[in-house]
2 protein chains.
Amino acid sequence: MVTSKEVHMQDLIRQAEALCQRSGMAFTAPRRRVLEILAASETPMKAYDLISKAGEGGQATKPPTVYRALDFLCQLGLVHRIEQDATFVACNHAGHAQPVALFVCNSCLKATEVAYGEVSPILEKAAAAKGFNLQRLVVEGRGQCQDCAMAA
Amino acid sequence: MVTSKEVHMQDLIRQAEALCQRSGMAFTAPRRRVLEILAASETPMKAYDLISKAGEGGQATKPPTVYRALDFLCQLGLVHRIEQDATFVACNHAGHAQPVALFVCNSCLKATEVAYGEVSPILEKAAAAKGFNLQRLVVEGRGQCQDCAMAA
DNA sequence: CCTAGTATGTTATTACATAACACCCTATAT
DNA sequence: ATATAGGGTGTTATGTAATAACATACTAGG
Ligand SMILES: [Zn+2]
Ligand SMILES: [Zn+2]
Ligand SMILES: [Zn+2]
Ligand SMILES: [Zn+2]
């Protein structure tokens, strides 16, 4: 059986390869490994869990290796960092034409990615009203996901 | 001369006293000290800068003391934590009927607090469309503030 | 008194992230 | 062919953020 997780991962990997090709960067082994681990995870992961996981089996992996890979993948938009709790999650939709908000469930800890294209201009206007020119926006939430609401 | 910062600080202190009175909590020395330092600062502060500052003059102050005060003040809404860079800033408007976004200037590092009451329901709806029940929302930005735009 | 609740002080430790330097690989210019 | 520049990794060490755990103190109510 092929899970949807596995399909998603293969998509991400292909996307990563394509993006790197285009921008003349290398999709190297540590970068691939980090992306695979994140894509396979049900929930966002802490950097040090990722470091341990990456070190399983093969050679020990150290913080800088993983943090470099994370920086790279975040810049490409293949991975998102959740600021609230310093975790990292693989992007779950191809490409980022739209900015996204990340909502984390307090029960199961899974992250839901939500586009807020309509909202972002309003925030930019609200900022502009105070003379602030917005360049980067972070929208994150906490609450209860659909599955957990059903279960309760 | 009495600066607007000083007035703002006195407002905050009075607010803190009132809030504590109502909820049966104590506005103690370390809490007051932390709030004063934050209110006097031009920019959001890192916890450890706050710890150093709090220790100036009097007895040395250690991390737990300050982190406890910060937790307390954040719960009361008198201080906000900026998740992006783990800094803390005193609230600059009395009370929080409205949720606020914090926009930090990349040049001068000052934070601008912006109400987004109209926006928050839209985000809640966007989340609800995916079955997500939103309980807490973080909206933060980076960009250029008015003063720095003028200067440039 | 005694005790429950709130809060602080102190020591130690855990968790998150980066600086700095040596080394490797590959492309391209001379 | 070889020099050199850019991008990338490996490794050591360190810097920075936050909390665990336990002892102590103050205060209000029984
Ligand atoms: Zn995404
Ligand atoms: Zn859930
Ligand atoms: Zn505020
Ligand atoms: Zn500015």
Side-chain angles (χ1 to χ4, degrees), chain A residues 16-17 19-38 43-76 78-89 109 140, chain B residues 16-17 19-38 43-76 78-89 109 140:
Chain A
E17 282 166 346
L19 277 171
C20 290
Q21 198 105 67
R22 249 177 287 154
S23 48
M25 304 196 143
F27 190 54
T28 58
R31 290 168 180 177
R32 178 183 211 110
R33 184 124 178 74
V34 167
L35 184 56
E36 282 174 352
I37 294 171
L38 276 179
T43 59
M45 290 181 74
K46 305 234 168 211
Y48 273 69
D49 292 343
L50 209 38
I51 291 166
S52 304
K53 192 92 176 174
E56 279 175 12
Q59 74 202 334
T61 303
K62 293 173 194 154
T65 303
V66 168
Y67 277 104
R68 284 166 182 158
L70 285 171
D71 286 350
F72 178 85
L73 295 166
C74 284
Q75 289 214 338
L76 257 56
L78 297 166
V79 166
H80 306 303
R81 182 196 150 102
I82 300 176
E83 306 287 346
Q84 283 178 78
D85 50 6
T87 55
F88 299 85
V89 64
L109 302 182
E140 294 179 1
Chain B
E17 282 166 347
L19 277 170
C20 290
Q21 197 107 66
R22 248 177 287 155
S23 48
M25 303 195 144
F27 189 55
T28 59
R31 288 169 182 177
R32 177 183 211 110
R33 183 123 177 77
V34 166
L35 184 56
E36 283 175 352
I37 295 171
L38 277 179
T43 58
M45 290 181 73
K46 307 230 168 211
Y48 273 71
D49 291 343
L50 208 39
I51 291 166
S52 304
K53 192 91 176 173
E56 280 175 11
Q59 73 201 332
T61 304
K62 291 168 194 159
T65 303
V66 168
Y67 278 103
R68 284 165 183 157
L70 285 171
D71 286 351
F72 178 84
L73 295 166
C74 284
Q75 289 214 338
L76 258 55
L78 296 167
V79 166
H80 306 303
R81 182 197 150 103
I82 300 177
E83 308 287 346
Q84 284 178 76
D85 50 6
T87 55
F88 300 85
V89 64
L109 302 181
E140 294 179 3

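In what follows, chains carry the letters A, B, and so on, assigned in the order in which the sequence lines appear, proteins first and then strands, with residues in each chain numbered from 1.
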Smallest heavy-atom separation, A:Cys74 atom then A:Phe88 atom, equals SG-CD2, 4.3 Å
Rounded to whole Å, the CZ-P distance (A:Arg81 to C:dC16) equals 10 Å
So NZ of B:Lys62 and OG1 of B:Thr65: to nearest 0.5 Å the spacing works out to 8.0 Å
The reported gap from OG1 in A:Thr87 to NE2 in A:His80 (rounded to nearest 0.5 angstrom) is 12.0 Å
In whole angstroms, the gap separating P of C:dC16 from CD of A:Glu83 amounts to 14 Å
Residues at least two apart in sequence or cross-chain that pass side-chain hydrogen bond (donor to acceptor under 3.5 Å, both in side chains) with B:Gln84, listed by chain then number, are A:Arg136, B:Glu140
Atom CE of B:Met25 and atom P of C:dG5 are separated, to the nearest Å, by 13 Å
Close side-chain approach of A:Leu70 to A:Leu38, heavy-atom, < 4.5 Å
yes
Sorted by number, residues from residues 48-68 of chain A placing a heavy atom under 4.0 Å from DNA chain D are A:Gln59, A:Lys62, A:Pro64, A:Thr65, A:Arg68
Those residues at least two apart in sequence (or on a different chain) that pass salt bridge (charged side-chain N to carboxylate O under 4.0 Å, His left out) with B:Arg68 are none
**Request:** Could you tell me whether B:Arg32 and B:Glu17 have a side-chain N and a carboxylate O separated by less than 4.0 Å?
**Result:** yes
Heavy-atom nearest pair, A:Pro63 first then A:Ile51, reads CA-CD1, 3.5 Å
Expected list for residues 26-37 of chain A near DNA chain D, using heavy atoms below 4.0 Å, is A:Ala26, A:Thr28, A:Pro30, A:Arg31
Residues passing the side-chain hydrogen bond (donor to acceptor under 3.5 Å, both in side chains) test with B:Arg81, sequence neighbours excluded, are B:Glu83
Nt span of DNA chain D in reach of chain A heavy atoms at under 4.0 Å, 5' end first, is D:dG8 to D:dT12
Rounded to whole Å, CG of B:Asp71 lies from P of C:dA7 at a distance of 12 Å
d(A:Thr61 OG1, A:Lys53 NZ) to nearest 0.5 Å is 12.5 Å
